[in-house]
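What you see below is based on every heavy atom in this structure, not just the backbone, and it leaves out hydrogens, waters and symmetry mates. Keep in mind that what you see is a predicted model, and the values were worked out from it rather than measured.
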Amino acid sequence: QVQLVESGGGSVQAGGSLRLSCAASGRTFSTRAMGWFLQALGKEREFVAAISWTGTSSFYADSVEGRFTISRDNAQNTVYLQMNSLKPEDTAVYYCGASVPYYYTPARFSANYWGQGTQVTVSS
């Protein structure tokens, strides 16, 4: 069982930055690839970024490539999403997800555990 808690969301003007954090419980964090997803109001959840369990490999959606950076600290059981050059279309609830242990397919990342989400609002 993995429990995930996101934090760091908020309101920011276009061009600004936010850093999201996702703290994980349990002893298996360092064996799990992690990902971030977003869900805008009235839309389906969509992939943002993923990172391997070692942190040596990452993958991004085209819409955020070059603006967002995913990272992790296995000693702190935490994954981060640094979001720069934010746009109004980035407005959404952001969720982190954890995969099964020792499994990472960057372009088809899927999560077995989800956090409760954190709201990001970008105004123009």
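A distance of 6.0 Å separates CZ of Arg19 from OG of Ser71, quoted to the nearest 0.5 Å. Rounding to the nearest 0.5 Å gives a distance of 6.5 Å between OG1 of Thr69 and CG of Asn84. Taking CZ from Arg67 and OG from Ser85, the interatomic distance works out to 7.0 Å, rounded to the nearest 0.5 Å. Separating the OG atom in Ser63 from the NZ atom in Lys87 is a distance of 8.0 Å, to the nearest 0.5 Å. The distance from atom CZ of Arg108 to atom CZ of Phe59, rounded to the nearest 0.5 Å, is 10.0 Å. Rounded to the nearest 0.5 Å, atoms OH (Tyr104) and OG (Ser99) are 9.5 Å apart.
Although no hydrogens or angles enter the test, the distance criterion places no donor-acceptor pair under 3.5 Å between the side chain of Ser30 and the main chain of Asn74. In this structure, Thr56 contributes its side chain and Thr54 its backbone to no donor-acceptor pair below 3.5 Å. Put simply, the side chain of Arg72 gets close to the backbone of Ser52: a donor and an acceptor are under 3.5 Å apart. Between the side chain of Glu6 and the backbone N or O of Gln116, at least one donor-acceptor pair lies under 3.5 Å. No donor-acceptor pair closer than 3.5 Å links the side chain of Asp90 to the backbone N or O of Ala14.
Nearest heavy-atom pair, Ala92 versus Gln119, reported as atom, atom and distance to 0.1 Å: O-NE2, 3.4 Å. In terms of heavy atoms, Thr78 sits closest to Ala23 at OG1-CA, 4.2 Å. Here the closest heavy-atom approach between residue Gln39 and residue Lys43 is recorded as NE2-O, 3.1 Å. When all heavy atoms of Pro88 and Ser123 are compared, the closest pair comes out as CG-C, 4.5 Å.
Residues Asn77 and Arg27 fail the side-chain proximity criterion, which asks for heavy atoms closer than 4.5 Å.
Residue Tyr103 shares its hydrophobic cluster (ILVMFWY side chains chained together at separations under 4.5 Å) with Val100. Cluster partners of Val122 are Val2, Leu4, Val12, Leu18, Leu20, Phe29, Met34, Trp36, Leu38, Val48, Ile51, Tyr60, Val64, Phe68, Ile70, Val79, Leu81, Met83, Leu86, Tyr94, Tyr113, Val120, counting Ile, Leu, Val, Met, Phe, Trp and Tyr whose side-chain heavy atoms approach within less than 4.5 Å, directly or via other members.
Cluster annotation: Trp53 and Phe37 are assigned to the same hydrophobic cluster (Ile/Leu/Val/Met/Phe/Trp/Tyr, side-chain heavy-atom contacts under 4.5 Å, transitive).
Partners of Ser124 according to the side chain to side chain donor-acceptor pair (under 3.5 Å) rule, which considers only residues two or more places apart in sequence or in another chain, do not exist here.
By the 6.0 Å contact criterion, CD on Glu89 is enclosed, its count of non-hydrogen atoms from other residues, nucleotides or ligands being greater than 12.
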